[in-house]
Chemist: 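Take a look at the following structure, please.
Computed from a predicted model, the values in this text were never measured in an experiment. Chain identifiers are assigned alphabetically (A, B, ...) following the order of the sequence lines, protein sequences preceding nucleic acid strands; residue numbering begins at 1 within each chain.
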Protein chains: 2
Amino acid sequence: MDDAVGPRHDEPIPDATVARLPVYLRGLVELSDDGVATVSSVVLASLAGVNAANVRKDLSYLHAHGTRGVGYDVDHLIGEISLALGGGVPSPVVIIGVGNLGRALSRYDGFLAGGFPVAGLVDVDPAVVGRKVAGNLVRSVEDLDDLVVETGCTIGIVATPAAAAQAAVDSLVASGVTSILNFAPTVVTVPDRVDLRQVDLATELQILGYHQHYRAVEERSDRATG
Amino acid sequence: MDDAVGPRHDEPIPDATVARLPVYLRGLVELSDDGVATVSSVVLASLAGVNAANVRKDLSYLHAHGTRGVGYDVDHLIGEISLALGGGVPSPVVIIGVGNLGRALSRYDGFLAGGFPVAGLVDVDPAVVGRKVAGNLVRSVEDLDDLVVETGCTIGIVATPAAAAQAAVDSLVASGVTSILNFAPTVVTVPDRVDLRQVDLATELQILGYHQHYRAVEERSDRATG
DNA sequence: AGGCGCTTGTGCACCATTTCACATGGTATC
DNA sequence: GATACCATGTGAAATGGTGCACAAGCGCCT
């Protein structure tokens with residue numbers, strides 16, 4: 001554990017930690033903008049809405065060590081987290097499906113700010129191919145391979161209707177994309193080597209609906225049983 | 001477990017299960033549309049992309065029991081899951097923030113189909129207040145209370161810029177909304193009685209970025225060490 | 001130089017969730 | 001009616017994550 005055995009193959013960071021790193025990063029950037037130089041785990045925890053011990057454990061997976069009695073160096077931490085989350089190199093993304101959601105996503109500033117510029121838009125509908133959306137020309141799915149190669153983009157965002165999602169994913173995979181963010185409300189499958197995340201808007205509401213319903217049922221029951 | 005002890009106060013369903021129920025529901029509706037009457041846990045699991053034992057355990061939390069040797073009744077299961085996820089009653093939602101994302105969300109069919117009709121749109125910008133978006137009049141934040149009361153909606157969707165998100169959340173809470181879905185890329189706080197979910201688009205990409213980077217680093221390391 | 005106060009880093013126990021494996025109990029067939 | 005087959009429902013182990021509590025370490029102040 002402490003011997004120098006050559007190039008150290010960083011161990012993987014737990015998924016739960018990875019999911020929190022972007023939240024820490026946002027808080028840290030804000031602190032840095034405000035001229036704050038160091039931050040304690042307690043402060044960072046409150047900014048991120050998590051437990052302080054959790055923050056410390058999360059940061060211990062990075063090679064970013066803090067200083068006891070002082071805290072963590074804000075700028076250094078920003079560097080370390082950025083490095084872990086993609087090496088600090090911007091990764092262009094391609095959006096497939098230029099409907100309501102696709103258009104909104106292509107205009108979303110947060111992607112660019114987060115280091116994910118939109119490299120191109122793609123759709124199957126001839127009516128939108130050739131148009132410009134948010135400064136990007138919409139290209140045909142046949143051009144996807146070229147687009148991916150030209151721009152070197154490795155991340156695809158699927159914003160098609162559910163019925164077209166699997167085909168869109170297959171096209172992306174065939175083009176060499178290795179990470180996919182799927183907004184279509186359907187389960188899609190990818191080869192093992194491809195990383196897939198699902199964002200399902202309707203599902204999120206249904207989850208809220210459950211809790212709301214449960215609260216209501218419980219309340220009724222409380223009133224009945226006293 | 002079998003004695004009649006009066007009005008049974010259903011026990012809460014684990015969060016992880018609740019998050020999967022909508023996925024099961026989608027698969028089941030598809031099966032029902034195809035005229036399939038019963039489904040086994042194995043088939044449903046493959047439709048939802050999870051383990052079969054997990055499906056069975058999840059369904060055991062509902063009062064939907066299957067038939068050994070046969071499987072689950074598709075339509076009955078649809079009813080039970082719908083009931084758990086909000087009682088089968090449509091819950092109108094209000095969207096606050098009518099920018100790119102807010103407009104896309106207000107046009108998103110999946111909400112209506114999932115039982116979450118858009119009851120109204122709200123924004124602080126006088127330039128958009130009074131306009132119609134997707135058939136809905138955009139109203140001022142000052143009208144939020146009235147809107148919530150009139151439509152009886154209990155779910156709010158925050159689609160404002162990050163800087164305005166906490167204020168938007170506070171307004172929603174003050175109006176009596178008890179469930180909030182926040183798309184703004186910032187941590188917001190709510191009282192205990194309010195349920196909050198966060199959907200962060202840039203964060204999702206950053207998580208993908210981590211895995212991609214990690215794969216790349218590991219590969220380089222593999223090549224180096226043989 | 002020494003002591004004090006503050007904050008990190010982490011062992012450990014707890015909790016939630018997943019998965020396996022199998023007993024249980026139905027259905028269909030002969 | 002008995003038997004073979006099949007899928008459910010669940011105990012129990014394994015896994016992954018969280019949070020407490022405290023030892024260790026660092027800087028500041030005297």
Chemist: For A:T160, enumerate each residue passing the side chain to side chain donor-acceptor pair (under 3.5 Å) test, keeping only those at least two apart in sequence or located in another chain.
Modeler: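 A:T160: no side chain to side chain donor-acceptor pair (under 3.5 Å) contacts found.
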
Chemist: Which donor-acceptor pairs under 3.5 Å do side chains of residues 77-89 of chain B form with protein atoms, sequence neighbours excluded?
Modeler:
residue, atom, partner, partner atom, Å
B:E80, OE2, B:H76, NE2, 3.4
B:S82, OG, B:I78, O, 2.8

Chemist: Tell me which residues in residues 69-85 of chain B lie within less than 4.0 Å of DNA chain D, going by non-hydrogen atoms.
Modeler: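 Listed by number, they are B:G69, B:V70, B:G71, B:Y72.
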
Chemist: Kindly write out the residues that satisfy side chain to side chain contact (heavy atoms under 4.5 Å, CB included) with B:Y108, not counting sequence neighbours, or none if the list is empty.
Modeler: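 Testing B:Y108 for side chain to side chain contact (heavy atoms under 4.5 Å, CB included), a comparison that skips the adjacent residues, returns A:P185, A:L201, B:F111.
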
Chemist: Go through the structure and list residues passing side chain to side chain donor-acceptor pair (under 3.5 Å) with B:S46, not counting sequence neighbours.
Modeler: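 Side chain to side chain donor-acceptor pair (under 3.5 Å) list for B:S46, sorted by chain: empty.
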
Chemist: Is A:H65 near enough to C:dG9 that one of its side-chain N or O atoms lies under 4.0 angstrom from OP1 or OP2?
Modeler: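 Result: yes.
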
Chemist: Among residues at least two apart in sequence or on other chains, which ones pass side chain to side chain donor-acceptor pair (under 3.5 Å) with B:S171?
Modeler: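 B:S171 satisfies side chain to side chain donor-acceptor pair (under 3.5 Å) with no residue once adjacent residues are dropped.
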
Chemist: Is there a donor on the side chain of A:R68 or the base of C:dT8 sitting less than 3.5 Å from an acceptor on the other?
Modeler: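 Yes, the side chain and the base share a sub-3.5 Å donor-acceptor pair.
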
Chemist: Heavy atoms under 4.0 Å is the rule here; annotate nucleotides 12-20 of chain C 5' to 3' with B where the base is hit, S where only the sugar-phosphate is, and - elsewhere.
Modeler: B----SSBB

Chemist: I'd like to know if A:D200 and B:R26 make a salt bridge, using a cut-off of under 4.0 Å between side-chain N and carboxylate O.
Modeler: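 The answer is yes: the pair qualifies as a salt bridge.
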
Chemist: Is there a side-chain polar atom (N or O) of B:S41 under 4.0 Å from OP1 or OP2 of D:dT8?
Modeler: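 So the side chain of B:S41 is within the cut-off, an N or O lying under 4.0 Å from OP1 or OP2 of D:dT8.
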
Chemist: Which donor-acceptor pairs under 3.5 Å do side chains of residues 36-44 of chain B form with protein atoms, sequence neighbours excluded?
Modeler:
residue, atom, partner, partner atom, Å
B:S40, OG, B:V42, N, 3.4
B:S40, OG, B:V43, N, 3.3
B:S41, OG, B:R56, NH1, 3.0

Chemist: What pairs with B:Y210 under ring-ring contact (aromatic ring centres under 6.0 Å, His included), at least two apart in sequence or on another chain?
Modeler: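 Only B:Y214 meet the ring-ring contact (aromatic ring centres under 6.0 Å, His included) criterion with B:Y210.
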
